[in-house]
Amino acid sequence: MQKAEQDKLKQEAARQAAAMVKPGSILGVGTGSTVKFFIDELTKRNQTSPLNLKAIVTTSSRSQRQLEENGFHVNELSEIDQADLIVDGADRVADNFDGIKGGGGALTLEKNVAVNSKKCIWIVDESKLVHQLGDFPLPVEVLPISCEQVKRKLAAQGLNPEFRLTDDGKRFVTHYGNYILDLHVDPIPVPAGLADYLDHLVGVVEHGLFLNMCDEVLIAHSDGTIEDRKR
Ligand code: 5RP
């Protein structure tokens, strides 16, 4: 699919998601190219008829900047109890609504906002759909202090870890000053088992397996239709 065509699909899913935001609510806003369209659409809606959102929390400095440039005030997650809704993108979504996220490196904040939201909607184009999780490197955020040991342990488990690098070949550094190890496992045979292993590995800050977190997915199909899939 051409990028322009894919962008059109992302934009349409984003428009529908923006229409679902309730005035006066507390909104979580994710990260990525699809979410960028969502912020555009949210801005348009807010300009036509003010949403008077009680608070907005977001999952990256990129989204924060775009929101603030469009006149929204962004709160810290610690300033709210729970968001009413988080709208985010995803890198892969399985049939059971489990997903891989963190392609943009914002997984830690994304998961923290997701688990502190009453409802989670992902907006994706159909290229993100898989029957079984895999088909995309699984990001694992690791503390620099123990990253080499963690990498060796992951390699010994056959998980093929590789440090994520920037375009100029340096290690990618997250919002929190950590590194990302991308695991090359396809398919992931038992995502819950892998999540449990990673959750207990000292030195791992967070990982990109988002299991049992998503309630609804807006899928932009290449025929131009938007499918609203609810759990
Ligand atoms: C960032 C993410 C994004 O939501 C994910 O990478 C999807 O991005 P895009 O909409 O650009 O495909 O998890 O960490």
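Just follow the structure's listing: the first ligand is 1, and inside any ligand the first atom is 1. Only this structure's heavy atoms are used, side chains among them; waters, hydrogens and symmetry mates stay out.
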Look at atom CG of Asp168 and say whether more than 12 heavy atoms of other residues, nucleotides or ligands are closer to it than 6.0 Å.
yes
Backbone or side chain, does any N or O of Gly32 fall under 3.5 Å from an N or O of ligand 1?
no
For atom 3 (C) of ligand 1, which protein heavy atom lies nearest, and how many Å away is it?
Thr31 O, 3.2 Å
Please confirm whether the backbone N or O of Thr108 pairs with a side-chain atom of Asn112, one donor and one acceptor, at under 3.5 Å?
yes
Can you see whether Phe136 has Arg92 sitting over its ring - NZ or CZ less than 6.0 Å from the centre and within 45° of the normal?
no
Atom 1 (C) of ligand 1: the protein heavy-atom neighbour that sits closest, reported with distance to 0.1 Å
Glu110 OE2, 3.0 Å
Is the closest N or O pair between Gly104 and ligand 1 shorter than 3.5 Å?
yes
Enumerate the atoms of ligand 1 whose separation from the nearest heavy atom of Gly105 is less than 4.0 angstrom.
14 (O)
Under 4.0 Å from ligand 1, counting heavy atoms only, is it the side chain of Val124, its backbone, both or neither?
neither
Against heavy atoms of Thr34, which atoms of ligand 1 measure under 4.0 Å?
9 (P), 10 (O)
Check ligand 1 against Asp88 and write out every atom of the ligand that is under 4.0 Å from a heavy-atom position of the residue.
4 (O)
For atom 13 (O) of ligand 1, closest protein heavy-atom neighbour
Gly102 N, 2.8 Å
Side-chain ion pair, Lys8 and Glu5, N-O less than 4.0 Å
no
At under 4.0 Å between heavy atoms, which part of Ala90 makes contact with ligand 1: side chain, backbone, both or neither?
backbone
So is Lys128 close enough to ligand 1, meaning a heavy atom under 4.0 angstrom away?
yes
Going through the checks in order, is the side-chain contact (heavy atoms from CB on, under 4.5 Å) test met by Arg45 and Arg15?
CA-CA 9 Å; Arg45 200 181 148 198; Arg15 197 185 61 74; over 6 Å; no
Proximal atoms of ligand 1 relative to Ala106 (non-hydrogen, under 4.0 Å)
14 (O)
Any side-chain heavy atom of Arg171 within less than 4.5 Å of one from Cys147?
yes
If we only count heavy atoms from C-beta on, is the Lys10 to Gln6 side-chain gap below 4.5 Å?
yes
Enumerated ligand 1 atoms positioned under 4.0 Å from heavy atoms of Gly89
4 (O)
Which of these, Ser33, Gly103, Gly30, has its nearest heavy atom closest to atom 9 (P) of ligand 1?
Ser33
Out of curiosity, His175 NE2 to Leu107 CG, how far, rounded to the nearest 0.5 Å?
12.0 Å
Ligand 1 N/O within reach of Val35 N/O, cut-off under 3.5 Å:
no
Given Leu109, Asp125, Asp91, which has its nearest heavy atom closest to atom 6 (O) of ligand 1?
Asp91
Check step by step if salt bridge (Lys or Arg N to Asp or Glu O under 4.0 Å) holds for Lys151 and Glu148.
CA-CA 5 Å; Lys151 183 170 187 272; Glu148 298 297 342; 5.8 Å; no
Positive for side chain to side chain contact (heavy atoms under 4.5 Å, CB included) with Val113, one of Thr59, Thr31, Thr58, Asp88:
Thr59
